[in-house]
Amino acid sequence: MNAIEIRNLCKNFGEKQALAGLNMTVPMGSIYGFIGENGSGKSTTEKIICGLIHPTSGSIKLYDRDYTDSDVRASMGVLIEAPGCFPNLTVWNNLMIQATNLSIVNKEDAVRKVLTMVRMEGSAGNKYKNCSLGMKQRIGIAMALLGNPKLLVLDEPINGLDADGMRIMREILTDLASSGVTILVSSHILGELEKIATHYGIIRGGKMIVEMTSEELENTCPTFVAIQTKDMKNAK
């Protein structure tokens, strides 16, 4: 069984086609690096998976069930764009509000657990507005982890982070995968994903160009190298 199976996914915004028959397979327990330049369709795909927008056509299954199934949706954690936090409240209070929204019974224990998981236990009293970009990204992941999801969908969580922030994020994602969480993470920073991803999907123009394992990437993949070079030039 796979965590995510997408077949022939299309999405139109008026006359613009954002996704053009996308196929994707994300194995259970994987860190799936979803790679593509800006405008390639990464965020649109993730928003559809998370139910934030509706597809024009195609099918999506999560753990062999339709992605609209309420039970399977409840097992998903999401960080798309910036986390919705109150800037003048502390990290702790923002997470407590989210825990309340999710009807978590032992809220304090749950918040302590996710703060430890994202290396933020010493910053619980900080006001959100005073947190660095890297800390805000980790707070967003902590919010997504409330409720113990088995699937985590992250949109560009390492974008804009400094070297230390990227290192911490890599450690967090690797630890989560080791605990059994499947992670779909989009990025155009290929060098960082290459350090943690077990599987890859490369998207361009709303279509999946290639999917591969980390072993296949390491052994032979001139297509990936070509796309990596192109994306690095576009990112400058």
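These numbers come from the heavy atoms of this one structure, side chains and all, not from hydrogens, waters or symmetry mates. Sequential numbering from 1 along the given sequence is applied to the chain's residues. From a predicted model like this one, the values you see are computed outputs, not experimental measurements.
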What donor-acceptor contacts under 3.5 angstrom involve side-chain atoms of residues 168-175, with partners at least two apart or in another chain?
residue: Arg170; atom: NH1; partner: Glu192; partner atom: OE1; Å: 2.4
residue: Arg170; atom: NH1; partner: Glu192; partner atom: OE2; Å: 3.4
residue: Glu171; atom: OE2; partner: Arg167; partner atom: NH1; Å: 2.9
residue: Thr174; atom: OG1; partner: Arg170; partner atom: O; Å: 2.8
residue: Asp175; atom: OD2; partner: Arg119; partner atom: NH1; Å: 3.3
residue: Asp175; atom: OD2; partner: Arg119; partner atom: NH2; Å: 2.8

**Study point:** Minimum heavy-atom distance Ala99-Val111, with the two atoms named
**Key:** CB-CG2, 4.3 Å
Review point. Do the side chains of Met1 and Ile49 join up, straight or via other hydrophobic residues, at under 4.5 Å, putting them in one cluster?
Key: yes
Review point. What heavy-atom pair brings Gln137 and Leu79 nearest, and what distance separates the two atoms?
Key: O-CD2, 3.8 Å
Review point. So Lys47 and Asp155, salt bridge (charged side-chain N to carboxylate O under 4.0 Å, His left out) or not? Walk me through it.
Key: CA-CA 9 Å; Lys47 287 178 180 178; Asp155 187 23; over 6 Å; no
Exercise for review: Would you please say whether a donor-acceptor pair under 3.5 Å links the side chains of Lys207 and Asn23?
Suggested key: no
Review point. Do Asn2 side-chain atoms and Thr25 backbone N/O form a donor-acceptor pair below 3.5 Å?
Key: no
Practice item. Kindly say whether Ser70 contributes a backbone atom to a donor-acceptor pair with the side chain of Arg65 at under 3.5 angstrom? Key: no
Check your understanding: To the nearest 0.5 Å, what is the distance between OG1 (Thr198) and CD (Glu215)?
Key -> 8.0 Å
Practice item. Would you name the heavy atoms of Gly205 and Ala20 that are closest together and state the gap between them? Key: O-CB, 4.4 Å
Check your understanding: So does Lys136 have more than 12 non-hydrogen atoms from other groups sitting under 6.0 Å from NZ?
Key -> yes
Check your understanding: Looking at Ile203, Thr56, Asn12, which one forms a side chain to side chain contact (heavy atoms under 4.5 Å, CB included) with Leu19?
Key -> Ile203
Revision key, fill the gap. One should read off an interatomic distance between Leu176 CG and Ile141 CD1, to the nearest 0.5 angstrom, of 7.5 Å
Exercise for review: Test His188 against Asn38 for side-chain contact (heavy atoms from CB on, under 4.5 Å), laying out the working first.
Suggested key: CA-CA 8 Å; His188 59 272; Asn38 292 335; 4.1 Å; yes
**Study point:** Taking every non-hydrogen atom, the tightest pair across Leu102 and Leu146
**Key:** CD1-O, 3.6 Å
Point to revise | Interatomic distance, Ile31 atom CD1 to Ser214 atom OG [nearest 0.5 angstrom] | key: 10.0 Å
Check your understanding: Side chain of Asn106, backbone of Asp109: donor and acceptor closer than 3.5 Å?
Key -> no
Check your understanding: Nearest heavy-atom pair of Pro149 and Val181: which atoms, and what distance?
Key -> O-CG2, 3.8 Å
Point to revise | hydrophobic_cluster_shared for Met117 and Ile196, side chain cutoff 4.5 Å | key: yes
Check your understanding: Sub-3.5 Å donor-acceptor pair from the side chain of Arg7 to the main-chain atoms of Ser59, do we have one?
Key -> no
Practice item. Could you tell me whether a side-chain N or O of Arg138 sits under 3.5 Å from a main-chain N or O of Met120, the two making a donor and an acceptor? Key: no
Review point. Any chain of hydrophobic side-chain contacts (each under 4.5 Å) joining Leu89 to Met96?
Key: no
**Study point:** Backbone N/O of Thr90 and side chain of Asn94: donor-acceptor pair under 3.5 Å
**Key:** yes
Exercise for review: In plain terms, say whether Glu156 and Lys42 are close enough for a salt bridge, that is, a side-chain N and a carboxylate O under 4.0 Å apart.
Suggested key: yes
Practice item. Using the rule that two of Ile, Leu, Val, Met, Phe, Trp, Tyr join whenever any of their side-chain heavy atoms come within less than 4.5 Å, decide whether Phe86 and Trp92 are in one cluster. Key: no
Check your understanding: Which atom names give the shortest non-hydrogen contact between Phe13 and Ile53, and what distance separates them?
Key -> CZ-CD1, 3.9 Å
Revision key, fill the gap. Between the CD atom in Gln98 and the CD1 atom in Ile139, the distance rounded to the nearest 0.5 Å is 12.5 Å
Check your understanding: Between Leu151 and Ser75, does a side-chain contact (heavy atoms from CB on, under 4.5 Å) hold up when you go through it step by step?
Key -> CA-CA 6 Å; Leu151 172 62; Ser75 67; 5.5 Å; no
Check your understanding: Once you round to the nearest 0.5 Å, how far does CG of Asn101 lie from NZ of Lys107?
Key -> 10.5 Å
Practice item. Would you kindly say whether Glu211 and Tyr32 are connected by a side-chain donor-acceptor distance under 3.5 Å? Key: yes
**Study point:** Expected output: side-chain Ser40 to main-chain Glu37 donor-acceptor under 3.5 Å
**Key:** yes
Practice item. Without swapping roles, check the side chain of Lys11 against the backbone of His54 for a donor-acceptor pair under 3.5 Å. Key: yes
Review point. Taking Tyr63 for the side chain and Lys150 for the main chain, is one N or O donor matched with an acceptor at less than 3.5 Å?
Key: yes
Exercise for review: Hey, could you give me the OG/CD1 distance between Ser186 and Ile35, rounded to the nearest 0.5 Å?
Suggested key: 10.0 Å
Would you list the atom pairs, donor with acceptor, under 3.5 Å between side chains in residues 121-135 and any protein atom, with sequence neighbours excluded?
residue: Lys129; atom: NZ; partner: Asn88; partner atom: OD1; Å: 2.8
residue: Ser132; atom: OG; partner: Met135; partner atom: N; Å: 3.2

Review point. Ile97, Val118: one ILVMFWY side-chain cluster at the under-4.5 Å cut-off?
Key: no
Check your understanding: So Tyr67 and Met76, side-chain contact (heavy atoms from CB on, under 4.5 Å) or not? Walk me through it.
Key -> CA-CA 10 Å; Tyr67 81 114; Met76 181 188 302; over 6 Å; no
Practice item. Please report the C-alpha distance between Met24 and Ile60 in whole Å, then the side-chain angles of each, then the deciding distance to 0.1 Å, and finally whether the side-chain contact (heavy atoms from CB on, under 4.5 Å) criterion is met. Key: CA-CA 9 Å; Met24 174 189 283; Ile60 305 171; over 6 Å; no
Check your understanding: Does Ser30 reach the main-chain N or O of Val26 with its side chain, forming a donor-acceptor pair under 3.5 Å?
Key -> no
